[in-house]
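Because only heavy atoms are used, hydrogens play no part in the values below, and waters and symmetry mates are left out as well, while side chains stay in. Residue numbers start from 1 in every chain, and the chains themselves are labelled A, B, ... in the order their sequence lines are given, proteins ahead of strands.
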Amino acid sequence: MREPGETHAGGAAAVPFFRLDGVTKRFGGVVAVEDVVFDLWPGEVHALVGENGAGKSTLMKIVDGLYGPDEGMLEVGGEAVSFSSPREAEAAGIAMIPQELDLFPELSVAENLFVGRKRPRTRWGGLDWEAMQGEARTRLDALGVDLDATSTVKRLSAANQQIVAIARALVGEARAVIMDEPTSSLTEREASQLFGIIEDLTAEGVGVVYISHRLEEVFEISDRITVLRDGHHIETASASDLDVENLVRLMVGRPLHELFTRSASSPGEVALEVRGLTRDGEFEDVSFTLRRGEILGLAGLVGAGRTELAQSVFGIRPAESGEILVGGQEVRVRSPQGAMEKGIFYVPEERRSQGLVLPFSIKNNITLSILERISRFGFLPRSERQTAEGFAKELSIRGAKLSDPVGRLSGGNQQKVVVAKALAREPGVLLLDEPTRGVDVGAKSEIYRLMDDLAKEGKAILLISSELEEVLSMADRVLVMREGCISGEFGGGEATQENVMTAATGGRSGADGPGEKVSGNE
Amino acid sequence: MSAATAALKRLKFSREAVLLGVLISLVVVMTLLDPLFLSPTTLLNTSRFFVEVGLMALGMTLIIITGGIDLSVGSNLGLVSVAVGFSYAAGLPLPLAILFGLVVGVAAGFFNSVFITFLDLHPLVVTLGTFALFQGLAYGLSNADAVSDFPPWFAYFGQAYLGPVPGQLIIFVVAVAVVWIILSRTSFGRYVYAIGNNEEAARFSGVPIRRVKIALYSGIGLLVAVAAVIYTSRVYTARGDTGLGLELDVISAVVLGGASIYGGSGTIGGTVLGVLIIATLRNGLILAGVPSTWQLFILGVLLLVAVFLNEFFRKGEE
Amino acid sequence: MSEAGADRRGAGGTVFLRFLARPEAPALIFLVVLVAAFTLANERFLQVGNLESILTSVAVLGVIALAVNQVILCGEIDISTGSMLGLCAVTSGAVATSAGGLFLPLLAGVAVGALAGAVNGLLVTLGRIPSIIVTLGMLYALRGVILLVTGGTWITGIPNDTRVLGTGRVLGLGYPVIVLLLLFVVMEIVSRHSTWGRNVFAVGGNRRAARFAGLPIDRVRFLAFVLVGVFVGIASVVYLGRAGSVQTNTGAGLELQVVAAVVIGGTSISGGRGSSLAALTGAVLIGVILNGLVLLGVPGIWQDAVLGGLILLAVTTDVVRRRLVGDRA
């Protein structure tokens, strides 16, 4: 652990590289961050943690010039600045590597490093590709990776694309690099390669803001930690003064056991069984059973194939081989309508793009999945409103009228509308994909209580979640996926942070190197 | 800020009122240019010329609301015209020839929908291809020739009157009512808006997207076919280049009526007003003695202005 | 690392695989197969004279396709080129009949084309109107302008010194072919060696990332539309030379052939992937097919149908190819 302010290159700095002071940002009526303080010193790793929706990404997008703050200010090198684009932030030495990488998949590695930058020219004024590739190779070598600079980026593994994004930031002479969940799709070995790179960067005086919800790695690499909760600054402390337990308490705002509600369960007969389900390049030979009244957790890294699996069971991406059985009967699910008829409903992770029709009213969203059922000869019935009202009440969607467009609701209320739409269809099997993502703590605990109630009613629930605490506290059983396969299954008492993470990242074995998952030729 | 928002909201409510205002002022100008314009006979007569475009615009409204487009309607109209005329000339009884034409129109629309839904291709690309394909088939099959020796009763479809009212105007009014009810009162109509606003969310909610799109593109094929029969009857000639360029009138009318070219919004009322405005304009330009060469230019510019104003106001609302 | 490894394998197989990965590969293979088939059907097909006449016949189409290719790479589309060619030909034709020579008509055609292209570009970038609607509107508006300025009459009697670009020969090759190949080489160099040329790929490949990288997205797209105007202007003088007269419907329907050429050649209609070679291959392919149909005795009125079928075939092939290689993006 290093002390803040201590630099590894270029002597002691008197001021932080950048500093946010009293920053507030609202979207419509919703406050995303309020009166937040944050700074980054050269050569340090400053972790930014908080639950989903705590305001981490919003805060860093302000630093990166994507949003302007409504109040407060940003200082770089002690002077107030205001960026109107990421371009200006880059000119000031700040680069952000978002979770969804801003790369050009059809272009080569070398070119990706130089898009939008001054490129080397030949004597005749043409672009000097040799020089560009040479420079790219130098940059990649400096990061300790052996990548072909002429390869098309879309052919690289997730880990190598991440490295290209870092190299791109460094070509832009970045002195501060913001990494948003960089390891969410990396195996353990790839992650430790990334940590090595981060260490090299800080040794050269580059500051790193590290956003992650994997708390162990936060402690492994960071010097300081700042906690955000519901848009507010809660704490900034040296990593050595904190431990996982009190960090979690700071993030959640209350002891963990008060957040979750889970009654003792007694699972009934098998509601859903999956045998040898395979879809090329996404998941392979997956089998599991899910019982009535049971909550089955599905853990794993981003990109491990969990969402793909659930969407396959829901008929969005039909499997190529394998069987799905509902109530003991084999069924063929080729479309979401088909899945719904069999009593399966999937609540997507991408709420705004997949869960909701944002300009539609609450009512029209809730009834969208049951229109065919309630309409007579295709005509919409007058009872539509009461039907919607019933579900809105059941889920206690507060502070909004049925006729309000859902686009204006808070994350928590939006999620409740999505769940209401699912429940309207009276499914026996619910597939919940990151159901508490981007939801405030209050709504979170309501959603947990709802899940518990639904399980008590005898519904079978598959809970996909990247928040380990959530899986461990809510699930009766935990399945772990890694690279498209089931890599572990743990009964009630057996699941722990360690063995679930090991199964998810392939920890000890660590056999697979980066760049293995290249999909054939074009 | 709230006052400005409220003002913009009022503007949104009155979009159709604005169109109505434009229509009325057009009629006034036309009447000033030619006093006969406002007589009931002239007005009703005008209606004979916009029904074909109007019918296609009804279907196009729904398609544009889903975020799609159909550039092949003009070519399809020519193809149906040829199908009716040449199957009759080849010896098929006229009622069967007309039925055959309707089948061809629906089949052409269905053909579009197959590419759009099963191959997941953008409607723009598909209908650009079928625009050429249908037109080429119409030319090829007719050998660039024309048929006009129809029996007298064929004129009924495009030239008959019920009292002072042209027959096709009645067909149009019925079609407007039916499509309006479908869009505003049925689950199908709700699906159309859901797909246009967020197709992915609609899919995840169990909306039968393929079925809706197949119905839409086949449906506009039917409307095109009806329009083709009326058109062929009105001009009493079946030939391959019938309907050439009509897709521009149709799309202009829908966009002028307030449908967003990006999908998600649009109304039947707006489209009907759009159709009337374009018809009045075309008719008025002819009455005013403006050379027909100007009309293409004015129509092209009108389309651009309409889209521009639409998106401009939409941005204001958000 | 497997990427590096794959690159270092360095056997003949790798060269072949690299070729297959190129966007224009399927079209090139199809072209070779087609030429072989037509030659088997009619051995006159492969004669030098016939091949040159095919290239000459697609020179106008090919030149315009090279520019529209850039627009499509940007993720936009331009279907106004048919009317634009008509307007440019009317302008350069009028200048040719009054002033003669090659330079002034060419300058006039290029200037009018660039102006029309700039209107397209401005409406797309500043007006924020989808390019399909802009260029559809312009397709009709420009045709209206043609009728307006000509009053519906033909322009005839183009002097011979203007027609040289369509009729002249040098080094055993016709000027139309030389112009086409020259502009192809220019576009290959621009694509590979100019910042704008590279930015076109970036803007069409990932517009969000391009914005964050600070690329001048509007300027890149605007220039692409202007380039179309300039190339249409050049093509109009080639057209003048070949046709010797301008009609009010000159260029009608060409816009479809141009888009067909680009898409058939292998440039992705959604942008970011493609090449100038693809556009050229597509244009030649269309020329070969139309020429082949004539040799096989198919009447010319079927051209449109064949063209429409080809567009559908090309985009379908692209979808199938992507599904086969699992490129689900």
Is chain B contacted by the side chain of Ser335(A), its backbone, both, or neither, given a heavy-atom distance below 4.5 Å?
neither
When the 4.5 angstrom heavy-atom criterion is applied to Asn364(A) and chain B, the contacting part is both
Below 4.5 Å, heavy atoms only, C-beta onward: do Val333(A) and Val313(A) meet side chain to side chain?
no
Can you tell me which portion of Leu356(A) sits under 4.5 Å from chain B's heavy atoms? Options are side chain, backbone, both or neither.
backbone
Hey, which of Lys421(A), Gln337(A), Glu350(A), Glu341(A) has the most heavy atom pairs under 4.5 Å with chain B?
Gln337(A)
Less than 4.5 Å to any heavy atom of chain A: does that hold for the side chain of Ile182(B), its backbone, both, or neither?
neither
Quick check: are there more than 12 heavy atoms from other residues, nucleotides or ligands sitting under 6.0 Å from CD of Glu389(A)?
yes
Atom group of Phe377(A) that falls short of 4.5 Å from chain B, counting heavy atoms:
neither
Once the angle between the rings of Phe50(B) and Phe172(B) is folded into 0 to 90°, is it parallel (under 30°), tilted (30 to 60°) or perpendicular (over 60°)?
perpendicular
Hey, which of Arg351(A), Glu384(A), Arg425(A) has the most heavy atom pairs under 4.5 Å with chain B?
Glu384(A)
Within the 3.5 Å criterion, strictly below it, is a donor on Ser187(B) or Glu372(A) matched to an acceptor on the partner's side chain?
no
So, the part of Phe360(A) with a heavy atom under 4.5 Å from chain B: the answer is side chain
Checking Asp433(A) against Thr307(A): is there a side-chain donor and acceptor pair closer than 3.5 Å?
yes
Are Arg317(A) and Glu282(A) close enough for a salt bridge, meaning some N to O gap below 4.0 Å?
yes
Side chains of Ile63(B) and Pro123(B) in contact at under 4.5 Å (non-hydrogen atoms):
no
Interface check, chain B: of Ser353(A), Pro359(A), Pro336(A), Ser369(A), most non-hydrogen pairs under 4.5 Å belong to Ser353(A)
